[in-house]
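Down below is the structure, laid out as C-alpha cells.
Positions are given from 1 along the sequence. Whatever order the structure lists them in is the order used to number ligands and atoms, beginning at 1.
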Amino acid sequence: MTRVLFVTSEVYPVIKTGGLADVSASLPEALCRQCHDVHILLPGYPAAMKAARASGSRRQARLVIGQYSVALWRTRLPGTSVTLWLVDCPGLFDRPGNPYQNEEGEDWWDNAHRYQLFCRVAAMMATGQAGLRWTPDIVHCNDWQSGLVPVFLEPAPNRPPVVFTIHNLAYQGLFSHDTFRALGLPDSLWRFDRLEFHGQLSFIKGGLVYADRITTVSPGYAAEIQTPGFGYGLEGLLQYRSEHLSGILNGIDTKLWNPATDQYLDCHYDADTLASKQECKAALQKQLGLVPGDAPLLGSIGRLVEQKGIDWLLDALPPLLQQGCQFAILGSGEIRYTEPLRALAKTHPGQLSLTIGYDEPLAHRITAGSDLFLMPSRFEPCGLNQMYSLRYGTVPVVHRVGGLGDTVLDPDQVGHSQANGFSFYEPTGGAFRTSVERALECRQQRKRWRQLQSNGMAGEYSWKERAREYGKLYQTLLEERCLTR
Ligand code: ADP
C-alpha cells in the first residue's frame, strides 16, 4: 500500500472545467480500490467548501503562510471513500466563476499567488509540516497549478518522490518577471533550466524540471510533446527528460458511463441489445427538436476552442447538412465559434441542434443517441469523449493525434475486423470531411457498421489496468529512493 497525495486543481463532481476533473476523481478511486491510500488535495473553492460543511466535515489544521491564514479541511470525495483535503483560504479561493477565471472569462489577476499558496500547502503536507498525522510516500502533481510543489520540495531532506502528470501542455501557467518577484521566489530559480521560460515565469517547468517522473495521459502524446509541433518550445526539455517521461493512457469511469445503466438515459442497451440504441436516438431527436427518422446523427461535445478543431467542423458542416446529416452539438467557448454555429442552427432548424453551456445529462444522451461522434482536435493529450462514445457503440471520427490515435483504430490501419472508428492524419478540414464521408459510407453497410460498433463496445477503457501502471511507477520510485539512501 502506497500513501499518495494527489494534488489537483479540479475534481469531479465538486468542480470541473475539463478532463482533468474526471481523471482526478476516477484515478484516485481506482488506486484506492487497489489498496493504495490516496488523498486528494484541492483548493477550497466555494462549491467544495459548501459540500464539506454540509457533510459535517471539520477543520483539521491551521497554517499561516506569508500574509495568509489557511485552514485544512478533511472530507470525502462525494460518492466515494477517497479522502479529500481542502485548502480553505477565502481571500484566494472563495470566488464566483470557475477555478481559473472570473465570470467575464478573464483569468483571475492573482492566479500565480493562488496556486503558489496551494503548492506551498501541498509541500507542507508532503513533509509533515502541516500538523497532520497523515503524510504521503509519494506526491502526485497534475498540470501547471501544482508545478511549484516539486520546486518547494527539492531542498527538503527525506522528501517523498514526486510524479508530475501533464494533462495538457498548452496550459503552462506563464506569468511576468514582476510576478516572479512578487511571489518571493529565490533569484536562483530565474534560469532557463529552472523556472524561466523566454522571459516569463513558467509554473509547468517546475514540474518538468524538478519532478522525479513525468507522465502524460497517452503514449501518443508523450511522443508528440517531444517534437516542435506539439512541444510549445518545451520539447527540448522534454527530450532531455525523456528517460523519466512516459505516457499512461487515461481510463474512464465505466460505472458512470455505461449504456446499460446510465442514470441519464430513459432507454438502456448493451452490445447484445444494440437495437435499443435506436430508442436513445429517437429520444434525443425529440428532446432537441430534430426531425425524427434514420438520418445519420452526428454528435459533438466539448470546449469550443481552437484545440478542438472547431474551424474544421465549421467547414464540414454545410456540405454534410446538404447531404441530410443531423447534428447534436454541445459545448461552450469562444465567440468566434459559437456565433457561426448559432447561425447554422438558425438556418437549419430540425437538423442542427446547438446547446451552448455545460450539461452533463445531455452529454450522456448525445453520446448514446448519436450514430457518429466527431473529434477533429488539432491535438488531444488523451480525450475522454471518444472512449465514452466507443463504449456506447457510437462510432468516433477523430484526428489521429495523441490519445485519439491510441484509442481509435481506422479500418485503413487495422482492417475492418479490428477497427472501431475512423481517423484522419493530415491536419486539414478536408481530411476531416473525407473521414466523415468514409464513416457515412460504411454506415450503409449494416454488417460492417455493426462490427465497428461491437469492436468499440468490447474495448477495455476502465482504470483498472491503467491505475496499476501508476501503482507500478510509484513502487519503482520508492525502490529507487531506498537504493539511494
Ligand atoms: P478537455 O479536458 O480538453 O476539455 P477531455 O475530452 O479530456 O477534454 O474531457 C472533457 C470532459 O468534459 C468530458 O468528460 C466531456 O464530456 C466533458 N464536457 C466538455 N464540455 C462539456 C459540456 N459542454 N457539457 C457537458 N460535458 C462536457
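- For the pair Gly357 and ligand 1, a heavy-atom separation below 4.0 Å is found.
- Remark: aromatic rings of Trp144 and Tyr115 are close, center separation under 6.0 Å.
- Between Asp410 and Arg438, at least one side-chain N (NZ, or NE/NH1/NH2) sits under 4.0 Å from a carboxylate O, which counts as a salt bridge.
- Here the shortest heavy-atom distance to atom 8 (O) of ligand 1, taken over His167, Glu360, Lys308, belongs to Lys308.
- The backbone N or O of Leu390 lies less than 3.5 Å from no partner atom in the side chain of Thr394, so there is not a single donor-acceptor pair.
- At the shortest separation from atom 17 (C) of ligand 1 among protein heavy atoms lies Lys16 NZ, 3.8 Å.
- Between the side chains of Tyr388 and His364, no donor-acceptor pair of N or O atoms lies under 3.5 Å.
- A distance-only check finds a donor-acceptor pair linking the side chain of Asn142 to the backbone of Val7 [under 3.5 Å].
- Within ligand 1, the atoms closer than 4.0 Å to a non-hydrogen atom of Gly331 are 23 (N), numbered from 1 in the order shown.
- Among protein heavy atoms, atom 4 (O) of ligand 1 sits closest to Arg303 NE, 2.8 Å.
- The shell of residues lying under 4.0 angstrom from ligand 1, judged by heavy atoms, excludes Cys382.
- Nearest non-hydrogen protein atom to atom 18 (N) of ligand 1 is Tyr358 CE1, 3.8 Å.
- Looking at Lys308 and Tyr337, their side chains never bring a donor and an acceptor atom within 3.5 Å of each other.
- Closest to atom 19 (C) of ligand 1, if we only count protein heavy atoms, is Gly302 CA, 3.8 Å.
- Looking at atom 5 (P) of ligand 1, its nearest protein heavy atom turns out to be Leu384 N, 3.9 Å.
- Taking atom 24 (N) of ligand 1 as the reference point, the nearest protein heavy-atom neighbour is Asp359 N, 3.1 Å.
- Closest to atom 13 (C) of ligand 1, if we only count protein heavy atoms, is Asp22 OD2, 3.7 Å.
- In terms of protein heavy-atom proximity, atom 10 (C) of ligand 1 is closest to Gly19 N, 3.7 Å.
- Interface of Asn385 with ligand 1, defined as ligand atoms under 4.0 Å from a residue heavy atom, comprises 6 (O), 13 (C), 15 (C), 16 (O).
- Ring-plane geometry between Phe379 and Tyr221 is classed as parallel, the angle between the planes falling under 30 degrees on a 0 to 90 degree scale with a further cut at 60.
- Seen from the ring of Trp312, Arg433 does not count as a face-on cation partner, given the 6.0 Å and 45° thresholds.
- Close approach of ligand 1 to Gly18 is summarised as follows: ligand atoms under 4.0 Å from at least one heavy atom of the residue are 2 (O), 4 (O).
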(message) Walk me through whether Lys472 and Glu469 qualify under salt bridge (charged side-chain N to carboxylate O under 4.0 Å, His left out).
(response) CA-CA 5 Å; Lys472 270 191 230 154; Glu469 286 190 53; over 6 Å; no
